[in-house]
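Letters A, B, ... are given to chains in the order of the sequence lines, protein chains preceding strands, and every chain is numbered from 1.
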Amino acid sequence: MIRVRFAPSPTGFLHLGNARTALFNYMFAKANKGAFILRIEDTDRERSREEYTAQLMEDLKWLGIRWDEGPDAGGPYGPYKQSERLHIYKEYLDKLFTQGAVYKCFCTEKELEERRQIAILAGRPPRYDNRCRALTEGQVKSFQDAGREYVIRFKVPENTRISFNDVIRGRVEQDSSLLGDFVIARPDGIPSFHFAVVTDDALMKVTHVIRGEDHLSNTFLHLLLFKALGFEPPQYAHMSLTKGADGALLSKRHGVTSIKDFRDKGYMPEAVANCISLLGWSAPDKKELFRIDDIADAFKIDHLSKSPSVFDLKKLDWIAAEHMKLLSAGELSLRIAARGLFMPQIDGVLLHRLIDDIKGGASTLNGLHAGITAILGPLAVTDGLKSRLSQDPARKVLSAFAEKTEKAEYFDRDTFDRIIGEIAEENPGLKKRDIFVPLRLAVTGTDRGPDMHLLMEIFGKTGCLDRLKNFSEKV
RNA sequence: GCCCCGAUCGUCUAACCUGGUUAGGACAUUGGCUUUUCAAGCCAGCAAUACGGGUUCAAAUCCCGUUCGGGGCGCCA
């Protein structure tokens with residue numbers, strides 16, 4: 001049985017890049033009928049916050065990602081929060097001590113930092129120099145007696161070629177001599193990322209670790225730990241990272257990048273998920289528009305690109321508009337209502353026709369809602385509008401239209417067409433656009449929008465005349 | 001600095017593994033059509049194998065180097 005996990009640390013909002021990692025893990029699990037585990041990596045006590053865990057889970061669910069095992073769902077290998085697994089790490093840490101695979105390091109952070117700077121200046125790799133590894137028992141004892149704090153470091157074997165077969169990248173290798181002895185437990189006994197990850201992946205029987213390329217170099221350390229602990233390592237798949245338009249890794253300064261941001265803007269979850277799945281991956285049939293759950297079964301992990309990709313908001317807007325078109329007006333108004341946005345009070349059938357007419361032009365629910373209210377809401381007569389309509393032929397068209405409409409007994413589609421036809425006849429020089437644009441401007445305040453027939457139907461005879469009158473009074 | 005990874009249109013990508021394509025698609029952009037403006041839709045155009053060697057009858061594809069980009073070298077994850 002294939003088992004994968006997504007292991008975020010609750011130090012902020014779920015980011016587009018992390019969401020993408022979660023999504024690929026989810027799809028991989030689904031495609032292979034495996035299990036998807038959510039594990040919260042909250043060993044950084046200073047930065048981890050409980051509310052971020054809740055937010056993380058909410059964002060994941062919003063995107064349509066469900067997990068089989070996790071802090072809330074439970075599961076056979078829990079607990080799924082690292083802060084609740086401290087006793088487990090302690091057990092394995094003791095084991096490593098017994099084996100002599102680790103040692104106590106009394107270097108202070110300040111010392112370490114100084115030596116790091118010196119190393120960089122001297123052109124040496126800024127890694128730990130392993131000096132506490134050589135401490136005698138007596139030295140260790142006297143340090144401890146003096147009450148000095150210590151961390152636990154793992155003894156990296158010397159001159160060993162570490163290599164593994166990455167599912168996406170193929171063979172990857174490095175010489176262990178380049179690696180310094182790394183910290184696996186802090187003075188308070190809390191494990192470091194490396195130690196917690198390896199222990200948990202092993203104990204949770206994770207078969208495939210799908211994560212960002214930023215962890216590629218860490219994998220060498222993890223492999224060493226797996227070996228020391230006597231566990232079989234999982235398969236690794238390191239995905240390319242996502243960058244902003246400037247080529248730098250996607251971060252807060254690129255603007256809208258957290259899942260919460262997209263949600264707040266009114267993007268629909270299926271569109272966001274669709275869009276980020278296209279970063280570094282393409283569906284076997286080359287389709288670009290889909291719902292994740294519809295294509296997940298065809299997901300192939302080795303189809304992932306090795307090179308980083310740039311997130312393009314324009315493409316998201318297009319995908320989002322396409323998803324908008326796929327939904328019915330009824331569904332769309334439900335979703336808008338669910339956001340706490342109010343719709344103007346007009347006939348439901350007409351409203352739905354209006355939504356169907358303009359939904360393809362919007363990328364977000366907020367945008368769609370704004371479009372609707374802009375059309376139906378009170379008309380703001382701006383100076384720009386005034387200057388465009390206060391001269392002929394616009395002026396003439398408007399007064400002719402008002403006059404004829406006033407006289408008309410009915411105000412339906414045919415009547416409207418007839419009136420337009422008459423105005424055209426009476427003003428031979430005018431193109432149809434010369435008639436429609438002023439009319440649309442006077443009635444809706446904008447030169448773009450849905451079909452005029454629909455608009456006239458929505459406003460009705462009196463509505464139209466009121467709007468025209470309101471306008472002429474202000475000019 | 002050292003190590004690891006990568007490189008196809010402006011962007012996302014297909015073709016790479018298993019050498020032979022007019023290097024395909026999508027977004028964006030440009031033009032046209034349609035039209036009840038705009039949008040949408042439809043059609044068309046622009047646009048790429050980073051560079052240099054090698055292997056081969058043949059290289060985007062395999063190999064080496066250069067350049068460029070990213071990541072890592074934390075008591076962050």
Side-chain angles (χ1 to χ4, degrees), chain A residues 7-11 18 41-44 46-48 82 105 107-109 112-113 116 119-128 149-153 166 168-170 172-175 177-180 182-188 190 192-194 196-197 211-221 238 240-241 243 245 247-249 275 278-284 286-289 302 305-319 321 325 357-362 371 416-417 420 431-441 446-453 455:
Chain A
S9 53
T11 56
N18 281 149
E41 309 217 322
D42 54 352
T43 53
D44 183 346
E46 276 152 42
R47 296 196 303 151
S48 295
Q82 290 186 331
C105 166
C107 298
T108 66
E109 290 187 71
L112 256 18
E113 185 51 34
R116 217 187 328 270
I120 290 170
L121 256 32
R124 292 197 314 269
R127 42 155 277 201
Y128 179 59
E149 285 193 332
Y150 60 86
V151 298
I152 310 296
R153 284 185 190 269
D166 191 278
I168 296 170
R169 280 150 217 285
V172 180
E173 49 188 1
Q174 185 170 73
D175 199 300
S177 317
L178 275 345
L179 274 17
F182 55 97
V183 174
I184 65 168
R186 304 186 180 96
D188 53 11
I190 295 196
S192 73
F193 162 71
H194 303 298
V197 163
R211 56 180 12 173
E213 196 195 338
D214 49 341
H215 288 297
L216 193 59
S217 301
N218 289 332
T219 308
F220 301 113
L221 308 181
H238 288 93
S240 59
L241 269 14
K243 307 188 292 180
L249 237 47
C275 184
L278 254 19
L279 259 22
W281 180 76
S282 59
K286 296 191 188 175
K287 283 239 169 49
E288 294 198 287
L289 294 169
D302 52 358
S305 150
K306 295 178 194 169
S307 49
S309 42
V310 174
F311 173 69
D312 183 12
L313 195 63
K314 289 227 179 82
K315 184 111 179 187
L316 171 62
D317 281 337
W318 173 73
I319 290 173
K325 289 182 199 167
D357 197 288
I358 65 171
K359 67 187 181 187
F416 176 75
D417 286 341
I420 298 298
K431 289 181 193 157
K432 285 209 168 169
R433 61 156 53 173
D434 296 326
I435 300 171
F436 277 97
V437 172
L439 213 46
R440 180 185 288 282
L441 280 171
T446 162
D447 58 4
R448 48 193 299 182
D451 177 30
M452 282 293 284
H453 287 107
L455 245 26

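- The backbone N or O of A:V183 lies less than 3.5 Å from a partner atom in the side chain of A:S192, making a donor-acceptor pair.
- Base pairing of B:A26 is made with B:U11, judged by Watson-Crick or G-U wobble geometry with both donor-acceptor distances under 3.5 Å.
- At a threshold of 4.0 angstrom between heavy atoms, the contacts of A:P8 with the nucleic acid are absent.
- Between the CG atom of A:D312 and the P atom of B:A26 there is a distance of 16 Å, rounded to whole Å.
- Side-chain atoms of A:D214 stay outside donor-acceptor range of the base of B:A77, with no qualifying N/O pair under 3.5 Å.
- For A:S307, whose side chain is taken as the heavy atoms from C-beta onward, the closest listed nucleotide among B:U8, B:A77, B:G70 is B:U8.
- Atoms CZ (A:R169) and P (B:G71) sit 13 Å apart, rounded to a whole Å.
- A distance of 8.5 Å separates CZ in A:F193 from CD in A:Q82, rounded to the nearest 0.5 Å.
- Taking a pair to require two hydrogen-bonding distances under 3.5 Å in either a Watson-Crick or a G-U wobble arrangement, B:C2 pairs with B:G72.
- For A:D302 and B:A14, the CG to P distance is 12 Å, given to the nearest whole Å.
- A:D166 contributes a side-chain N or O that, together with a main-chain N or O of A:H238, makes up a donor-acceptor pair within less than 3.5 Å.
- Under 3.5 Å, the side chain of A:K315 and the base of B:A26 form at least one donor-acceptor pair of N or O atoms.
- Side-chain contact, A:R186 with A:T43: no donor N or O sits under 3.5 Å from an acceptor N or O.
- Atom pair A:K287:NZ and B:U13:P shows a separation of 19 Å (rounding to whole Å applied).
- The side chain of A:W318 sits closest to B:A28 out of B:C73, B:A28, B:C76.
- Atom pair A:L279:CG and B:C27:C1' shows a separation of 13 Å (rounding to whole Å applied).
- In a base pair of the Watson-Crick type (N1 to N3 plus N6-O4 or O6-N4) or a G-U wobble (N1-O2 and O6-N3), with each distance short of 3.5 Å, B:G52 is matched with B:C64.
- Side-chain nitrogen and oxygen atoms of A:S282 include at least one within less than 4.0 Å of the OP1 or OP2 phosphate oxygen of B:A14.
- Between B:A77 and A:T11, no contact under 4.0 Å exists linking OP1 or OP2 to a side-chain N or O.
- Considering only side-chain N and O atoms, A:K325 lies under 4.0 angstrom from the phosphate OP1 or OP2 of B:G41.
- The phosphate of B:U13 has OP1 or OP2 within less than 4.0 Å of a side-chain N or O from A:S309.
- Side-chain atoms of A:K314 lie closest to B:C27 of the nucleotides B:A26, B:C27, B:U11.
- Annotation: the span from A:Y128 atom OH to A:R153 atom CZ amounts to 5.0 Å, rounded to 0.5 Å.
- Candidate nucleotides B:C12, B:C5, B:G69 were compared by shortest atom distance to the side chain of A:K243, and B:G69 ranks first.
- Side-chain atoms of A:N218 lie closest to B:A77 of the nucleotides B:C75, B:G25, B:A77.
- For the OP1/OP2 pair of B:A77 and a distance below 4.0 Å, the side-chain nitrogens and oxygens of A:R186 include at least one atom meeting the criterion.
- Spacing between atom CG of A:D166 and atom P of B:G71 amounts to 18 Å, rounded to whole angstrom units.
- At the phosphate of B:C75, OP1 or OP2 sits under 4.0 Å from a side-chain N or O atom of A:R153.
- Applying the side-chain contact (heavy atoms from CB on, under 4.5 Å) test between A:L278 and each of A:D312, A:I319, A:L316 identifies A:I319 as the sole match.
- When the P atom is compared between B:G20 and B:A15, the two are found 13 Å apart, to the nearest whole Å.
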